[in-house]
Each structure stands twice: as C-alpha cells, then as structure tokens.
2 protein chains.
Amino acid sequence: MFSKAAEYGIRAVIYVWGQSNKGLKMGVKDICKEIDAPEFFTAKVLQSLARLNIISSAKGPNGGFYIDEEQEEIKLIDLVVAIDGDGIFRGCALGLKQCSETNPCPIHKDFKAIRDDLTHLLQTRTIRELAQDVDKGLATLVR
Amino acid sequence: MFSKAAEYGIRAVIYVWGQSNKGLKMGVKDICKEIDAPEFFTAKVLQSLARLNIISSAKGPNGGFYIDEEQEEIKLIDLVVAIDGDGIFRGCALGLKQCSETNPCPIHKDFKAIRDDLTHLLQTRTIRELAQDVDKGLATLVR
DNA sequence: TATTCTGCTGCTTTTGAAAACATTTTTATT
DNA sequence: AATAAAAATGTTTTCAAAAGCAGCAGAATA
C-alpha cells in the first residue's frame with residue numbers, strides 16, 4: 001500500500017507530534033529507537049518533510065524535529081503525497097495506461113469506490129487525532 | 001496495490017476466459033500481444049496458475065491456455081491470492097509487525113474497513129462477469 | 001571561541017521484483 | 001518417423017527501492 005519510507009515517516013511524525021505537544025524537540029536517533037525504524041533512512045524522510053514545511057527542525061544542542069503551531073493540523077494525506085506522490089490515487093488497478101471513466105478496465109468502477117474511501121480517510125484524519133490515540137494508550141507505534 | 005505479475009495475470013485470465021468461451025485455446029504469444037504484456041514474464045504467471053488448477057493448459061500444436069468447465073467460476077480473489085499471496089489482507093498499513101485488534105496501530109480500524117471492502121469485492125466478482133463486460137465492449141484490457 | 005550536538009547532503013551497498021533469454025519437454029499433425 | 005508448435009523450466013540481466021555509511025554545515029552552550 002504505502003512505501004517503507006511513508007510507513008516510517010508517518011510513524012515518526014505521529015511520535016514527534018506527541019512529544020512536540022509536550023514542548024519537546026526530538027532527535028532522529030531517539031525517534032527511530034522509539035518507533036523501531038532504520039535511522040539514516042528515516043532521517044532522510046524527515047528532512048524532506050522539513051524542507052516541504054510539513055514539519056520543523058532545529059539544529060544545535062537541544063535541537064531536533066518538532067511541530068510548529070502552523071503545522072498542527074497536518075493531515076495524513078499531506079504526508080502520503082509528500083513522500084509517495086499521488087500515484088496511489090491515479091494508477092489503474094490492472095496497470096492500464098489509458099484507464100479512465102470513458103475507457104475503463106473491467107474493475108475500474110469497483111476500485112474507484114474503494115480509492116475514494118481511502119482518499120476521504122486520508123483527507124479527514126489528522127496527525128493530531130492519531131497522536132492523541134497513542135497518548136491515551138489506545139494505539140501503538142512499535143512492535 | 002497489486003504486483004505487476006498479478007496485473008498481467010488478471011488481464012490474461014480475463015482474456016483467456018473470453019476466448020475459451022468461444023472454444024479457443026490461446027498461446028502465450030497471442031495472449032500477450034492482445035493484452036500488451038511481457039511475454040516470458042506473463043508465461044510464468046500463467047504456468048503457475050495452471051499448476052494450481054486455476055486455469056488449464058495443453059501442450060503441442062493447437063494447444064494453449066484455456067478455462068475448464070470446472071474452472072468457470074474463478075473469482076478475482078483466487079487469482080490475487082495465488083499470485084501475490086495474502087499479504088494485502090494481512091499486513092499493517094504502517095508496517096507494524098504486531099498490529100491487531102488488541103494492539104492496533106493508530107489507523108488500524110480505518111484500514112480494516114477499507115480492506116474488508118476490498119476483500120468483499122474480490123470475493124464477489126467473477127472472471128466471468130469481467131470477461132463478459134470486455135466482450136460487450138463495456139471495458140477494455142489494453143492501452 | 002571552541003566544542004559538541006544537531007540536521008543535511010551525497011555516495012555506496014544490498015535486496016528483490018521485473019524482465020529477458022535459452023533450453024527442454026510434450027504433443028498434434030504430416 | 002519427422003516436424004513444428006506449444007507449454008514448462010532454469011538461468012541471467014536489469015533496475016529501482018531500501019538501507020547503510022561517511023563527511024559537511026549550522027547552531028547553541030560552556
């Protein structure tokens with residue numbers, strides 16, 4: 001479904017959000033230890049997210065990644081598109097290049113419905129909600 | 001969503017079903033020309049499907065792949081599972097190894113709903129239906 | 001000002017899917 | 001029997017994602 005980069009990225013951002021809410025900035029090493037993800041690979045994902053202004057970063061001692069006030073309402077779809085692009089929403093399930101409403105593959109309509117549900121889900125759910133679930137112990141990011 | 005192997009496999013079987021319905025057996029070369037898929041790669045997919053008795057094959061002149069009477073009610077899910085395995089239905093969206101009802105990732109429930117829809121779709125739709133749509137010109141397998 | 005803790009960038013290695021190639025085996029037809 | 005057509009099998013090549021590694025640059029605190 002998602003790429004490894006997106007999986008790590010989403011988990012990392014959820015964790016960072018939670019810590020940032022407590023006023024903490026988190027280094028890559030700590031983040032990856034917490035969510036059990038490869039360090040250097042995940043670092044690149046977070047850095048590209050910071051470059052896109054989806055999350056923030058600070059260098060130097062007591063630096064790290066954090067969530068700015070203006071970034072508090074990040075939605076899942078923002079992360080997915082930033083990391084994996086919009087291929088999940090565009091491609092044909094059977095790999096046809098010219099698959100569309102007017103020239104559909106045999107399962108075009110069925111998959112459009114499922115894909116619309118997925119899109120709606122990603123557009124609706126915020127990182128805030130997910131981080132709060134983790135904070136309440138209703139969900140986990142590791143193991 | 002699906003692997004390339006599954007994409008080619010599904011397209012090929014839909015086409016074979018349609019031709020088989022007219023009493024024809026189709027060679028790999030013709031199949032791949034018709035659905036615009038790589039020949040040798042697709043051949044292996046079809047061979048493994050034949051080995052699993054999901055489709056039939058006959059060697060020699062006038063041989064080829066075809067659908068047996070007992071195989072006429074193939075469902076989409078049979079092909080997907082045979083080619084890609086059940087990973088699509090089991091894996092966690094965020095890559096957690098121990099993600100479950102009792103130990104869920106933050107989007108476990110959301111994705112379960114979507115995945116159930118997908119499963120239902122694949123279990124319900126038969127190759128027969130899809131092949132008939134192609135036959136009527138309501139859907140296409142190429143381009 | 002210097003040290004040390006950070007993120008940042010580029011390069012290399014590894015892994016597995018995808019694809020191409022070559023060969024063998026089976027079988028209908030002549 | 002010979003031939004040609006087709007599936008079946010095994011090997012190799014290609015390529016991109018995933019991951020790891022080493023060095024660079026900025027920033028804060030002592």
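Labels below follow one simple rule: chain letters A, B, ... track the order of the sequence lines, proteins then strands, and each chain is numbered from 1. All of these numbers come straight from a predicted model, not from anything done at the bench.
- Rounding to the nearest 0.5 Å gives a distance of 5.0 Å between CZ of Phe89(B) and CG of Leu122(B).
- Rounded to whole angstrom, the span from the CZ atom of Phe40(A) across to the P atom of dC11(C) amounts to 17 Å.
- Comparing Asp30(B) and Glu39(A) by the nucleotide of DNA chain D that holds the closest heavy atom to each, the one mapping nearer the 5' end is Asp30(B).
- Here the side chain of Asn103(B) pairs no donor or acceptor atom with the backbone of Ser100(B) at under 3.5 angstrom.
- In terms of modelled atom types and a separation under 3.5 Å, the side chain of Arg11(B) and the main chain of Asp36(B) share a donor-acceptor contact.
- Side-chain atoms of Asp84(A) and Ser3(A) include a donor-acceptor pair closer than 3.5 Å.
- Atom C1' of nucleotide dT6(C) and atom CG of Leu46(A) are separated by 13 Å, given to the nearest angstrom.
- Picking from dA18(C), dC21(D), dA7(D) the nucleotide with the shortest atom distance to the side chain of Phe41(B) gives dA18(C).
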So which protein nitrogen or oxygen atoms get under 3.5 Å of nucleotides 27-29 of chain D's nitrogens or oxygens?
none

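- Between Gln19(B) atom CD and dA6(D) atom C1' the separation is 17 Å, expressed in whole Å.
- Rounded to a whole Å, the CZ atom of Arg51(B) is 14 Å from the C1' atom of dT25(C).
- For dA8(D), the OP1/OP2 oxygens have a side-chain nitrogen or oxygen of Ser57(B) closer than 4.0 Å.
- Sequence neighbours left out, the pairs with a member in residues 38-59 of chain A that pass side-chain hydrogen bond (donor to acceptor under 3.5 Å, both in side chains) are Ser56(A)-Gln71(A).
- Remark: side-chain polar atoms of Arg115(A) are paired, donor with acceptor, to backbone N or O of Ile88(A) under 3.5 angstrom.
- A distance of 6.0 Å or more separates the ring centres of Tyr15(B) and Phe65(B).
- Candidate nucleotides dC21(C), dA19(C), dT11(D) were compared by shortest atom distance to the side chain of Pro38(B), and dA19(C) ranks first.
- Note: NZ (Lys33(B)) to P (dA6(D)) measures 11 Å, nearest angstrom.
- Residues of residues 2-16 of chain B that place a heavy atom closer than 4.0 Å to DNA chain D do not occur.
- For dA8(D), its base sits under 3.5 Å from the side chain of Gln47(B) at one donor and acceptor pair at least.
- Atom pair Asn53(A):CG and dG7(C):C1' shows a separation of 15 Å (rounding to whole Å applied).
- Distance Lys25(B) NZ to dA5(D) P: 17 Å, rounded to the nearest Å.
- Residue Lys29(B) contributes atom NZ, which lies 8 Å from atom P of dA6(D) at whole-angstrom precision.
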field: Stepwise ring-ring contact (aromatic ring centres under 6.0 Å, His included) test for Phe2(A) and Tyr8(A)
entry: CA-CA 10 Å; Phe2(A) 302 135; Tyr8(A) 300 145; over 10 Å; no
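- The SG atom of Cys99(B) sits 11.5 Å away from the NZ atom of Lys112(B) when rounded to the nearest 0.5 Å.
- Applying the 3.5 Å distance criterion, the base of dG10(D) shares a donor-acceptor pair with the side chain of Lys44(B).
- Note that NZ of Lys109(B) is 13.0 Å distant from CG of Leu121(A), once rounded to the nearest 0.5 Å.
- Side-chain proximity of Val28(B) to the nucleotides dG7(C), dC21(C), dA7(D) is greatest for dA7(D).
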